[in-house]
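The structure appears below as structure tokens.
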Amino acid sequence: MDSHRFDVAVYARRLAAAARATAAAGLDGLVITPGYDLRYLIGSRAQTLERLTALVVPASGDPTIVVPRLELASLKGSAIAELGLGVRAWVDGEDPYLLVSAALGGGRAATAVTDSMSALHLVPLAGVLGVSPVLVTGILRELRMVKEECEIDALRKAGSAIDRVHARVPEFLVPGRTEAEVAADIAEAIVDEGHSDASFIIVGSGPHGADPHHSYSSRELQAGDIVVVDIGGAYEPGYHSDCTRTYSIGEPSPDVAHQYSLLQRAQRAACDVVRPGVTAEQVDATAREVLAETGLAEFFVHRTGHGIGLSVHEEPYIVSGNDLPLTAGMSFSIEPGIYFPGSWGARIEDIVVVTEDGALAVNNRPHELVVVTVD
């Protein structure tokens, strides 16, 4: 078995479940182009190109891979051979969309496609199938949201790895260094600690910490700065870490320390309420209620969390209006923050997995404001 994917039995279960969900939705099949859904279903890391590569999953019958002959090597490492999937290689001059149609039985076919399919492929495919496809998101939604034990294990390993990076962050936060220099050290540490790559790095110092999606800049760190560090990467077989901790370069002011303690209380309350049957919006509301009681609600300007797995951001989203009941196996972030424009900001983020007993955190670094000693 390739070390970058799960055992073939995992993908066999997923393909069978996807076919059942397709039939239940009244569709004739799925057409899955390269992206997270293709990796989820067969472990393939093929890339999207101008030539069509697609996994065709009929509601009944055997799945087929349609792939340019010159791109056959891109499928190495996937579970295709072990799954016994049919491969229809095509060459320039052939119409790959007709091959997709044939794999679905020919004629008019109602299908679902991935959100990563480009218009370059979607438009001719719709013409051949005779009906506009729908998004596969709804078909695969339940499958991808509820993680299997092997996925949870991958998330826990990713969480432990990013915890080890956060343990090293204080040594990088030296006054006079730029955010970009700190980010470069963090990127190296993310790979050193076992990730295949660094997916994102936020080093928001001082006023930059008040921008939730700031990345990093040439700003030099200063004594007294509050620094938001939000980092994550892909950990084989492609599952992501995502964790935020907030640091103070030198002792924080009493006001900052007090407001941070309230944020810490809100994050803890949101984690504590997680259990099967509780809705996503109830988790969001729990964090907001704590901040509202202390006059900080207006400074919390984003959702409380997002799902995570093969993609950094996926369902379920922990946000007002999402009445989805939580189910054991769902994984998502809990990351309330407070942001004071032009001054400072703070965020605390853990990835948790829903269990029958509550939330299992895959991140276990202390949640206190980390004070970095200034010489």
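The structure presented is a predicted model; accordingly, all values stated were derived computationally and were not measured. Position 1 is the first residue of the sequence, and the numbers go up from there.
Looking at R45, its side chain never comes within 3.5 Å of a backbone N or O of G43 through a donor-acceptor pair. The backbone N or O of F172 lies less than 3.5 Å from a partner atom in the side chain of R177, making a donor-acceptor pair. A donor-acceptor pair under 3.5 Å is formed between the side chain of D284 and the backbone N or O of T304. Panel note: side chain D37, backbone I32; no donor-acceptor pair is recorded below 3.5 Å. For D7 (side chain) and A9 (main-chain N/O), a donor-acceptor pair under 3.5 Å exists by modelled atom type. For the pair D225 (side chain) and Q222 (backbone), a donor-acceptor distance under 3.5 Å is present. Formation of a donor-acceptor pair under 3.5 Å by the K147 side chain with backbone atoms of I308 is found in this model. In terms of modelled atom types and a separation under 3.5 Å, the side chain of R245 and the main chain of E349 share a donor-acceptor contact. Of the possible donor and acceptor atoms, none in the side chain of E71 sits under 3.5 Å from a partner among the backbone N and O of P68. Without hydrogens or angle criteria, T53 side chain to V67 main chain gives no donor-acceptor distance under 3.5 Å.
Between D185 and R168 there is no salt bridge, since no side-chain N of the basic residue sits under 4.0 Å from a carboxylate O of the acidic one. A salt bridge links E94 to R88: one of the charged nitrogens lies within less than 4.0 Å of a carboxylate oxygen. Classification of R20 and E142 as a salt-bridged pair fails, no side-chain N sitting under 4.0 Å from a carboxylate O. A salt bridge is defined here as a Lys NZ or Arg NE, NH1 or NH2 lying under 4.0 Å from an Asp or Glu carboxylate O, and R14 with E151 meets this definition.
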Derivation and outcome, side-chain contact (heavy atoms from CB on, under 4.5 Å), residues E314 and Y36: CA-CA 10 Å; E314 59 184 46; Y36 292 121; over 6 Å; no

Take T114 and T33, measure what side chain to side chain donor-acceptor pair (under 3.5 Å) needs, and give me the verdict at the end. CA-CA 7 Å; T114 64; T33 45; 3.0 Å; yes

Please test I231 against I162 for side-chain contact (heavy atoms from CB on, under 4.5 Å), starting from the C-alpha separation and ending with a verdict. CA-CA 8 Å; I231 53 178; I162 210 67; 3.9 Å; yes

Can D242 and H313 be said to form a side chain to side chain donor-acceptor pair (under 3.5 Å), step by step? CA-CA 10 Å; D242 186 2; H313 286 188; 4.7 Å; no

Verdict with reasoning, R268 to H367, per side-chain contact (heavy atoms from CB on, under 4.5 Å): CA-CA 9 Å; R268 183 172 59 249; H367 296 84; over 6 Å; no

Could you please spell out the steps behind the side-chain contact (heavy atoms from CB on, under 4.5 Å) verdict for V100 and V128? CA-CA 9 Å; V100 171; V128 168; over 6 Å; no

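By the 4.5 Å heavy-atom criterion applied to side chains, V354 and P276 are counted as neighbours. Between H166 and N363, the closest side-chain pair of non-hydrogen atoms is not below 4.5 Å. Looking at heavy atoms from C-beta onward, Y216 lies out of side-chain contact with V182 at the 4.5 angstrom threshold. A heavy-atom distance below 4.5 Å is not found between the side chains of I249 and Y247. Between P133 and V31 the shortest side-chain heavy-atom distance does not fall below 4.5 Å. Residues S196 and H4 are not in side-chain contact: their nearest non-hydrogen atoms beyond the backbone lie 4.5 Å or more apart. The closest side-chain heavy-atom distance from H213 to H302 is not below 4.5 Å. Between S160 and V362, the closest side-chain pair of non-hydrogen atoms is not below 4.5 Å.
Of all heavy-atom pairs spanning P336 and L263, the tightest one is O-CD1, 3.5 Å. Of all non-hydrogen atoms in S199 and V312, the two that sit nearest each other are CB-CG2, 4.4 Å. A pairwise comparison of heavy atoms in A154 and P237 identifies CB-CD, 4.0 Å as the closest pair. The heavy-atom pair separating A18 from L30 by the smallest distance is CB-CD1, 4.1 Å. Minimum heavy-atom separation, S241 to A158: CB-O, 3.4 Å. The two atoms that bring P58 and L104 nearest to each other are CA-CD2, 4.1 Å, heavy atoms only.
Distance check, rounded to the nearest 0.5 Å: CD of E193 to CD of E188 gives 11.0 Å. How far CD of E179 is from CD1 of I202: 10.5 Å, rounded to the nearest 0.5 Å. Rounding to the nearest 0.5 Å places CZ of R5 at 4.5 Å from CD of E82. Rounding to the nearest 0.5 Å gives a distance of 10.5 Å between CD of Q259 and CG of L291. A distance of 8.0 Å separates OG1 in T64 from CG in L85, rounded to the nearest 0.5 Å. One finds the CG atom of L262 at 7.5 Å from the CD1 atom of I338 (value rounded to the nearest 0.5 Å).
Note: the hydrophobic cluster containing F340 does not contain V227 (ILVMFWY, side chain heavy atoms under 4.5 Å, direct or indirect links). The hydrophobic clustering, which links ILVMFWY residues whose side-chain heavy atoms are closer than 4.5 Å, places L326 and L324 together. Hydrophobic clustering (side-chain heavy atoms under 4.5 Å, transitive across Ile, Leu, Val, Met, Phe, Trp, Tyr) keeps L135 apart from L41. Linking Ile, Leu, Val, Met, Phe, Trp and Tyr residues whenever their side-chain heavy atoms come within less than 4.5 Å leaves V290 and L369 in two separate clusters. Residues W90 and V56 share a hydrophobic cluster, clusters being chains of Ile/Leu/Val/Met/Phe/Trp/Tyr side chains in contact below 4.5 Å.
In D272, the CG atom is crowded: over 12 heavy atoms of neighbouring residues, nucleotides or ligands sit closer than 6.0 Å. By the neighbour-count criterion of 12 heavy atoms within 6.0 Å, atom CD of Q47 is sparsely surrounded, having that number or fewer from other residues, nucleotides or ligands. Residue-environment remark: CZ (R156) stays at or below the threshold of 12 foreign heavy atoms within 6.0 Å.
Y235 and H195 have perpendicular rings, their planes meeting at more than 60° on a 0 to 90° scale where under 30° would count as parallel. Between Y239 and F6, the angle of the ring planes lies from 30° to 60°, which puts this pair in the tilted group.
Judged as a salt bridge (Lys or Arg N to Asp or Glu O under 4.0 Å), and not counting sequence neighbours, the contacts of R51 are D92.
Here the rule is side chain to side chain donor-acceptor pair (under 3.5 Å) with E335, and of Q267, H306, R303 only H306 fits it.
Ring to ring, H258 and Y260 are not that close: their centroids are 6.0 angstrom or more apart.
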